[in-house]
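Right, one structure below, let's go through it.
Worth knowing before you read on, the calculation uses all heavy atoms, side chains too, and leaves out hydrogens, waters and symmetry mates. Within every chain, numbering begins at 1; the chains are lettered A, B, ... in the order of the sequence lines, protein sequences first and strands thereafter.
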Amino acid sequence: MEKYDHKSIELKWQKYWQKEKLYKTSETRDKPKYYILDMFPYPSGAGLHVGHPKGYIATDVFARMKMMQGYNVLHPMAWDAFGLPAENYALENKVHPRQAVEENIKKFKSQLLKIGFTYDWGREINTTDPEYYKWTQWIFLQMFKKGLAYESHEPINWCPSCQTGLANEDLENGKCERCGSEIERKPMRQWVLKITDYADRLLNDLEKLPDWEESIKEMQRNWIGRSEGAIVQFSVIASEAKQSNEQDNKLEVFTTRPDTLFGCTYMVVAPEHDLIKNYELRITNYGEVKKYIEQAKKKSDLERTELQKEKTGVELEGLMAINPVNNEEIPIFVADYVMMDYGTGAIMAVPGHDERDWEFAKKYDLPIIEVLKGGDVEKQAFTSDGLHVNSGFLDGLDKKESLEKIIKWLEKNKVGKKAVNYKLKDWVFSRQRYWGEPIPIIHCTKCGAVAVPEKDLPVKLPEVKHYEPTGTGESPLANIKDWVNTKCPKCGGPGKRETNTMPQWAGSSWYWLRYIDPKNDKALVDKKKEKYWSPVDFYVGGAEHATRHLIYARFWHKFLFDIGVVNYPEPFTRLQHVGLILAEDGRKMSKRWGNVINPDEVVEKYGADSLRVYEMFMGPFSGACAWNTNGLIGARRFLENVYKLRDKKLYDCQGGDCKMKELGLPKLLHKTIKKVSEDIENFHYNTAIAQMMIFVNFISGFEVLPRGAFRNFLKLLAPFAPHFAEELWHELGNKESIFKEKWP
RNA sequence: GGGGAUAUGGUGAAAUUGGUAUACACGCUUGCCUUAGGAGCAAGUGGAGCAAUCCGUGAGAGUUCGAGUCUCUCUAUCCCCACCA
């Protein structure tokens with residue numbers, strides 16, 4: 001009895017597959033296609049830990065089954081290598097980011113190669129390759145031409161530690177998602193992408209994605225945050241100007257409940273609101289107001305939201321607003337419980353029916369009017385629905401009727417209109433860092449921001465002596481004078497290059513298209529090839545990308561669809577998220593805790609096939625699960641039990657006459673084939689493996705084994721333990737790869 | 001505060017349309033064989049009891065001949081968002 005020697009087996013078949021070019025994607029389009037995609041990794045300095053390959057193994061099992069089922073399979077892998085992690089790693093280790101990325105990719109790739117994936121490495125791409133980011137820049141230019149990329153001077157999120165601006169999506173509880181620093185608001189020039197133009201389509205088209213997990217779709221819906229309501233205009237008057245008939249200004253608010261307008265007894269603006277600056281000379285207590293604003297500014301976003309215990313604010317004395325529905329004069333406050341980010345940065349306060357407004361009104365002794373029946377507004381805000389009272393022409397109506405009526409009234413009197421508001425903000429698209437795609441724009445004093453002509457793409461990232469962030473709000477590129485100074489492509493006069501770079505998410509927002517046609521230098525992707533391969537049939541990756549990468553990716557794809565580059569409006573037909581693998585101690589695997597397990601060691605000691613079987617057997621695929629070395633040994637033991645089957649005497653069933661028929665073997669085999677096939681399709685890998693174990697436990701008890709049953713079993717096992725199955729397959733006397741066989 | 005998910009042995013977890021709860025694996029117990037280190041093999045393993053038997057899927061109610069599964073209420077944990085107007 002020979003011992004199962006995983007090392008020689010795995011090496012042997014990896015070489016064989018490479019030699020036979022078994023995983024090269026076919027260029028012919030004569031078979032049905034299946035495009036299965038992993039979220040590609042950042043090649044960080046730490047290398048892979050055993051959690052990373054879980055999703056890759058799952059897609060690999062799936063891809064192998066689809067191959068055997070006769071599909072033309074596209075299963076590629078690449079590197080998302082721009083962005084802060086790579087740059088920070090480079091700074092820490094005092095090497096150039098390009099060099100760091102090269103080394104890290106080498107390391108990652110060697111780790112992946114050992115696990116035996118079906119990746120077609122001929123389609124490997126790298127987002128930092130100029131031939132790749134040429135097209136990232138090209139997409140930006142198309143957006144610029146369509147007015148979807150614009151410059152803004154609005155205050156944005158600034159991370160003082162990473163020294164760069166960030167998008168809303170890059171924050172976590174008011175802190176930098178990457179380094180945990182509290183972010184500041186900083187007004188600065190930024191490139192912004194108008195993702196809000198696509199908000200409705202990004203939301204509505206989720207309905208066309210039945211094979212996306214509901215939880216991910218729900219996260220996207222919440223992130224887009226559509227709410228229907230109305231914009232209402234209030235006139236603002238300054239008491240000193242009353243007689244002089246000074247033209248009044250308007251203060252606009254967004255509300256989902258315009259029907260409660262009769263209950264509005266005061267207004268609040270956010271500390272950053274323009275109204276305050278515009279009325280500086282009319283606000284009689286401007287000093288006090290200014291002091292309050294300064295204090296509010298000092299508080300980070302975090303403090304502003306965390307200190308919910310007591311609301312604060314200051315009245316803008318000398319100003320009054322007119323409630324358009326009853327012409328009542330009401331006071332205006334500045335208070336930091338109103339956020340500049342959401343709606344118009346101002347609210348109409350209805351203290352009878354909103355808890356925050358009620359709390360504020362109680363504190364500052366403001367009138368509370370009941371306009372919905374059903375509660376006691378003296379005791380607390382009544383936030384449920386009720387019939388309207390004290391509401392003039394809305395009295396006696398319910399929510400639906402009164403909303404319709406008030407919106408009609410607002411529109412007729414030109415003091416408001418029906419409106420939709422989104423939580424989604426335009427995508428702040430520039431970073432003041434070195435390691436990113438240069439934004440292909442030239443600034444000219446005469447012509448303004450001018451697109452770099454397409455023939456001059458890519459705008460290559462120049463070499464620079466110091467790529468540390470400057471901290472001045474300018475990227476390190478700004479110091480390279482001979483790169484910055486150039487000619488305006490429009491008028492030929494002196495121009496300066498844009499020195500901001502693109503955010504980390506740019507390169508990953510379209511990469512699945514490049515795999516289809518990786519070497520094309522005439523177009524981003526050949527449209528005929530795209531029509532065949534797109535959309536991605538199955539996309540597997542971490543849930544943490546639900547509201548960033550997956551929204552950005554859908555946005556870019558829809559844009560490319562609109563300008564005719566691609567044939568389909570949605571990029572990913574089916575989406576599945578991977579559950580984390582935690583460390584043995586139940587915590588996240590991290591260098592910090594010293595609990596990281598390197599797949600190289602596992603492969604060395606137990607073999608890639610054991611690793612693959614174990615990770616698929618751990619539990620339901622989308623659930624988090626702690627690593628357990630004993631469980632891994634269990635997987636190895638299963639393979640050893642299969643290995644022992646080699647010692648059994650094989651016999652051929654003649655004309656359906658199987659000696660083991662009475663024992664129920666054919667029935668069990670068919671059940672196993674059915675269960676494994678269905679479970680792979682549904683990503684229930686743990687039960688697929690359990691069923692194979694049942695099969696092996698059963699046949700282990702006999703001295704003989706029907707050859708056909710063993711052949712079929714090996715085919716079922718092959719996607720999970722490819723080297724192992726290939727070895728036993730060839731031992732049976734087969735000359736071709738088991739992956740060229742038909743799935744049972 | 002809003003949204004989503006989950007809750008079954010010592011552990012990871014199974015259980016078609018409601019139909020023998022705990023498959024498969026880990027761990028543990030006992031024995032055998034060996035005696036250097038991921039050992040192997042055999043038997044056992046939800047709880048209580050000598051036993052027949054009784055009790056068991058977070059808690060409580062309901063529908064049903066029958067509920068882990070369906071309905072309602074509650075509790076706990078996890079994830080996402082959050083002073084969202």
Side-chain angles (χ1 to χ4, degrees), chain A residues 1 3 168-169 171-174 213-227 229-232 253-258 260 264 267-270 301-312 335-339 341-350 353-357 359-360 383 421-425 543-544 546-548 577 579-582 584 586 602 605-607 610 613-614 617-620 622-638 640-641 644 674-675 678-679 684 686-697 700:
Chain A
M1 196 168 87
K3 224 180 148 245
N168 266 14
E169 285 81 359
L171 308 188
E172 236 166 47
N173 297 325
E213 282 168 278
E214 195 50 40
S215 62
I216 304 260
K217 286 199 272 187
E218 198 56 29
M219 275 189 225
Q220 292 210 351
R221 285 189 198 107
N222 290 340
W223 188 260
I224 295 166
R226 183 182 201 271
S227 45
I231 295 279
V232 183
V253 301
F254 172 77
T255 173
T256 53
R257 294 301 299 268
T260 60
C264 168
M267 300 189 75
V268 187
V269 297
D301 266 23
L302 192 67
E303 286 172 306
R304 258 173 85 168
T305 51
E306 260 187 6
L307 297 175
Q308 285 181 24
K309 43 191 181 206
E310 196 162 347
K311 308 236 174 310
T312 58
D336 63 9
Y337 82 91
V338 171
M339 300 289 146
D341 276 358
Y342 188 76
T344 63
I347 60 155
M348 58 175 239
V350 183
H353 305 282
D354 180 284
E355 278 168 24
R356 295 153 300 172
D357 297 344
E359 200 187 310
F360 192 83
T383 54
N421 191 64
Y422 296 97
K423 203 175 77 93
L424 184 73
K425 295 282 135 205
E544 69 273 21
T547 51
R548 275 189 272 184
H577 86 267
L580 277 181
I581 292 182
L582 304 170
E584 228 150 349
V602 176
K605 206 164 168 192
Y606 303 96
S610 296
V613 170
Y614 171 58
F617 185 61
M618 287 176 91
S622 57
C625 195
W627 181 266
N628 178 348
T629 301
N630 280 323
L632 172 70
I633 292 167
R636 164 84 193 197
R637 206 172 286 153
F638 165 62
E640 279 171 0
N641 288 341
K644 283 184 205 153
K674 184 163 182 273
K675 180 123 183 86
E678 284 173 3
D679 281 350
H684 296 157
N686 53 334
T687 49
I689 292 170
Q691 183 62 38
M692 289 193 283
M693 286 170 169
I694 290 171
F695 182 81
V696 171
N697 291 346
S700 294

What is the distance, to the nearest angstrom, from the [atom1] atom on [X] to the [atom2] atom on [N]?
X	N	atom1	atom2	value
A/N628	B/G10	CG	C1'	13 Å
A/L580	B/C80	CG	C1'	14 Å
A/E584	B/G12	CD	P	14 Å
A/Y614	B/C24	OH	C1'	14 Å
A/I347	B/C83	CD1	P	13 Å
A/D354	B/G2	CG	P	14 Å
A/K311	B/A85	NZ	P	14 Å
A/I689	B/G12	CD1	P	18 Å

Strictly by Watson-Crick or wobble contacts shorter than 3.5 Å, is anything paired with [N], and which nucleotide is it?
N	result
B/G18	none
B/G56	none
B/G1	B/C81
B/G12	B/C24
B/A51	none
B/C33	none

Students often get this wrong, so: under 4.0 angstrom with heavy atoms, is [X] touching a base, only sugar-phosphate, or nothing?
X	value
A/R221	nothing
A/N686	sugar-phosphate
A/N630	sugar-phosphate
A/I633	sugar-phosphate
A/G634	sugar-phosphate
A/N697	sugar-phosphate
A/F638	nothing

Tell me which of A/E640 and A/T547 sits closer to the 5' end of RNA chain B, going by the nucleotide each one is nearest to.
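Between the two, 5'-proximity favours A/E640.
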Return whichever of A/A690 or A/K675 has its heavy-atom-nearest nucleotide of RNA chain B closer to the 5' end.
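Its nearest nucleotide lies further toward 5', so the answer is A/K675.
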[N] versus [M] - spacing of their [atom1] atoms, nearest Å:
N	M	atom1	value
B/A52	B/U45	P	14 Å
B/G18	B/U71	C1'	13 Å
B/A59	B/U69	P	11 Å
B/A14	B/U57	C1'	12 Å
B/U22	B/A76	P	32 Å
B/A21	B/U73	P	29 Å
B/C74	B/G4	P	15 Å

Between [X] and [Y] (side chain of the first, backbone of the second, donor and acceptor by atom type, cut-off under 3.5 Å), is there such a pair?
X	Y	result
A/K675	A/T687	no
A/E359	A/E310	no
A/N421	A/S227	no

[X] side-chain proximity, nearest of [options]:
X	options	answer
A/M219	B/C26, B/C83, B/C79	B/C79
A/R637	B/C24, B/A85, B/G27	B/G27
A/T687	B/A14, B/C81, B/C83	B/A14
A/R636	B/G12, B/G38, B/G27	B/G38
A/Y606	B/G38, B/A85, B/A25	B/G38
A/R356	B/A25, B/C84, B/C26	B/C84
A/Y342	B/G12, B/C41, B/A85	B/A85

Report yes if some heavy atom in the side chain of [X] is under 4.5 Å from a heavy atom in the side chain of [Y]; otherwise report no.
X	Y	value
A/F638	A/Y614	no
A/Q691	A/D679	no
A/Y342	A/I347	no
A/L424	A/E169	yes

Are the charged groups of A/E640 and A/R637 less than 4.0 angstrom apart, N to O?
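Not counted as a salt bridge, because no side-chain N and carboxylate O are separated by less than 4.0 Å.
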Between [X] and [N], is there a contact of a side-chain N or O with OP1 or OP2 at under 4.0 Å?
X	N	value
A/R226	B/C84	no
A/K644	B/C41	yes
A/N222	B/C80	no

With syn defined as a glycosidic angle within 90° of 0 and anti as the rest, where does B/G68 land?
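Chi for B/G68 falls in the anti range.
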